[in-house]
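Scroll down for the structure; my scribbles are underneath it.
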Amino acid sequence: DTAVSQTPKYLVTQMGNDKSIKCEQNLGHDTMYWYKQDSKKFLKIMFSYNNKELIINETVPNRFSPKSPDKAHLNLHINSLELGDSAVYFCASSPRINTEAFFGQGTRLTVV
Amino acid sequence: AQSVAQPEDQVNVAEGNPLTVKCTYSVSGNPYLFWYVQYPNRGLQFLLKYITGDNLVKGSYGFEAEFNKSQTSFHLKKPSALVSDSALYFCAVRDRGNTDKLIFGTGTRLQVFP
């Protein structure tokens with residue numbers, strides 16, 4: 001009965017590969033997000049979707065492509081992985097503009 | 001542009017003592033402010049929020065925060081710290097434009113010593 005779930009939890013891959021991270025929320029929220037946490041623990045938004053429509057794309061390289069098949073899912077596909085993509089990626093969702101966001105457990109991506 | 005600042009990278013406090021984790025904000029209009037906690041190798045957990053109303057907001061695990069409009073601050077407090085409170089704490093503000101994103105501070109590591 002996890003509210004926001006991401007898979008996989010850990011991902012180790014070689015440079016140049018393509019990988020996907022999946023996210024699902026069972027809270028009935030309209031808005032979903034992807035955040036990136038770097039090695040210094042800074043959190044920065046990457047994308048936001050509202051009812052399957054892209055709202056935010058924060059100057060993320062176009063190697064990163066979010067996909068929202070329905071409002072309960074927001075997957076993140078990354079092409080041609082680079083060393084600098086190593087980070088923890090968090091999915092989150094929220095019901096309305098003035099409410100808190102609920103976060104998944106994170107996916108630790110390591111590019112070698 | 002909306003932003004929050006957490007001036008302390010780390011706060012150390014003895015168990016049983018009161019703790020304060022500082023946050024200041026810069027917004028246009030009325031702010032929507034939040035505190036989150038991150039335990040090692042875990043996601044972010046919501047602690048509390050200020051939207052409107054009473055300036056003193058109570059949240060999870062005995063934490064509270066005081067909204068101070070004149071000082072543009074939203075400091076997190078707890079009367080008596082526990083060792084288990086040791087974690088990374090993030091202040092955040094909602095961007096109330098059409099982007100609706102949460103903008104996070106740089107985080108403050110709280111270390112509670114027994």
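Only heavy atoms go into these numbers, but all of them, side chains included; no hydrogens, no water, no symmetry mates. Below, chain A is the first sequence line, B the second, and so on; all start at residue 1.
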Should B:Phe74 and B:Asn68 count as side-chain neighbours, where that means a heavy-atom distance under 4.5 Å?
-> no
Please determine if B:Lys49 forms a cation-pi arrangement with B:Phe34, meaning its NZ or CZ atom is less than 6.0 Å from the six-membered ring centre and no more than 45° off the ring axis.
-> no
Is the A:Phe47 to A:Phe64 ring centre distance short of 6.0 Å?
-> no
Could you tell me which portion of A:Gln6 (side chain, backbone, both or neither) has an atom closer than 4.5 angstrom to a non-hydrogen atom of chain B?
-> neither
Within residues 37-47 of chain B, the residues sitting under 4.5 Å from chain A by heavy atom, in sequence order, are B:Gln38, B:Asn41, B:Arg42, B:Gly43, B:Leu44, B:Phe46
Looking at B:Phe63 versus B:Tyr89, is the centre-to-centre ring distance below 6.0 Å?
-> yes
Kindly say whether the aromatic ring centers of B:Phe67 and B:Tyr50 come within a distance under 6.0 Å.
-> yes
A:Ala101, A:Gly106, A:Ala92: which one forms the most heavy-atom pairs within less than 4.5 Å of chain B?
-> A:Ala101
Which of these passes side chain to side chain contact (heavy atoms under 4.5 Å, CB included) with A:Leu81: A:Leu109, A:Leu11, A:Thr110?
-> A:Leu109
Which other residues end up in the same hydrophobic cluster as A:Val112, if Ile, Leu, Val, Met, Phe, Trp and Tyr are linked when side-chain heavy atoms come under 4.5 Å apart?
-> A:Val12
